[in-house]
Amino acid sequence: MLSLRVGTKYVVSDQDNHRVLVWNNLPNSSTQAPDLVPGQPDFTSNTANNGGVSCKSLSGPRIMAYDQGKFAVADYNNNRILIWNSFPTTNFQEADVVIGQSSCSTNTAGTSQNTLSNPYAVTTDSSGKVFIADYTNNRVLI
């Protein structure tokens with residue numbers, strides 16, 4: 001699991017359950033349930049690509065980034081990066097942008113300038129550049 005702070009929110013990529021967990025505030029007990037679950041329709045579901053490959057499904061999410069109001073998730077098994085133009089506010093909310101695929105309904109690995117193969121991480125720098133660790137292709141894309 002990998003975590004990220006987004007303002008007061010605490011965000012964890014739960015890769016084996018194919019989802020992201022969001023607490024609106026940093027948990028203060030070990031039993032505090034999350035408030036939101038992007039990648040799944042509810043907190044008890046954990047199917048990879050629940051409902052099929054789409055802009056709202058995940059399969060093995062890894063390292064996430066938040067910058068300039070946008071939230072990005074490296075969707076490892078789907079060979080893509082999903083980006084929400086604003087932080088998700090509902091369970092199973094569709095992403096606005098997909099990087100590494102021609103559409104949200106495909107997940108084929110590739111080695112071209114516009115494709116990815118098991119992206120492990122996404123991050124940004126202070127100038128707004130996006131960096132993607134494209135794991136299986138042994139490269140970093142900027």
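- Heavy atoms only, all atoms of each residue included: Leu82 and Ser57 are closest at CD1-O, 3.8 Å.
- Between atom CG of residue Asp96 and atom CD1 of residue Ile83 there is a gap of 9.0 Å, rounded to the nearest 0.5 Å.
- Heavy-atom minimum distance, Thr47 versus Gln40: O-NE2, 2.9 Å.
- Both Leu21 and Leu26 are part of a single hydrophobic cluster, where members link through side-chain heavy atoms under 4.5 Å apart.
- Taking the six-membered ring where the residue is Trp, Tyr135 and Tyr120 present tilted rings, their angle falling between 30° and 60°.
- Contact annotation: the side chain of Val20 never approaches that of Asp14 to less than 4.5 Å [non-hydrogen atoms, C-beta and beyond].
- The shortest distance between side-chain heavy atoms of Trp23 and Lys9 does not fall below 4.5 Å.
- Using modelled atom types, one side-chain atom of Arg19 and one backbone atom of Phe43 make a donor-acceptor pair closer than 3.5 Å.
- To the nearest 0.5 Å, the span separating CG on Asp75 from CZ on Arg62 amounts to 9.5 Å.
- For the 3.5 Å distance criterion, the side chains of Ser105 and Ser103 qualify, holding a donor opposite an acceptor.
- In this structure a side-chain-to-backbone donor-acceptor pair under 3.5 Å is present from Asn91 to Val37.
- Here OG1 of Thr44 is found 10.5 Å from CG of Asn17. Values are rounded to the nearest 0.5 Å.
- Side chain of Thr106 to main chain of Thr108: no donor-acceptor pair is present (N/O by atom type, distance under 3.5 Å, no hydrogens or angles).
- Partners of Ser29 according to the side-chain hydrogen bond (donor to acceptor under 3.5 Å, both in side chains) rule, which considers only residues two or more places apart in sequence or in another chain, are Thr31.
- Between Phe71 atom CZ and Leu4 atom CG the span is 6.5 Å, to the nearest 0.5 Å.
- In this structure, Val98 is not a member of the same hydrophobic cluster as Ile81, with clusters built from ILVMFWY side-chain heavy atoms closer than 4.5 Å.
- Note that the CG atom of Asp67 and the NZ atom of Lys129 stand 13.5 Å from one another [nearest 0.5 Å].
- With hydrogens and angles ignored, the 3.5 Å screen pairs a side-chain donor or acceptor of Trp84 with a backbone N or O of Glu94.
- Here the side chains of Val22 and Pro34 are not in contact, with every heavy-atom distance at 4.5 Å or above.
- When side chains are defined from C-beta on, Asn49 does not count as touching Ser54, because their heavy atoms never get closer than 4.5 Å.
- The side-chain heavy atoms of Val11 and Tyr66, taken from C-beta on, include no pair separated by under 4.5 Å.
- Residues Asn107 and Asn79 share a closest heavy-atom pair of O-ND2, 2.7 Å.
- Of all heavy-atom pairs spanning Val53 and Cys104, the tightest one is CG1-O, 3.2 Å.
- Following chains of ILVMFWY side-chain contacts shorter than 4.5 Å, one cannot reach Met64 starting from Val97, and the two form parts of different hydrophobic clusters.
- Rounding to the nearest 0.5 angstrom, the gap separating the CG atom in Asp42 from the CZ atom in Phe92 is 9.0 Å.
- Ser59 and His18 make their closest contact through CA-ND1, 3.5 Å (heavy atoms, listed as atom of the first residue, atom of the second, distance).
- Taking 4.5 Å as the limit, every side-chain heavy atom of Ser13 sits out of range of all side-chain heavy atoms of Val73.
- Smallest separation of non-hydrogen atoms from Asn137 and Gly110: ND2-O, 2.8 Å.
- Ser112 and Asn114 share no donor-acceptor pair across their side chains, judged by distance under 3.5 Å alone.
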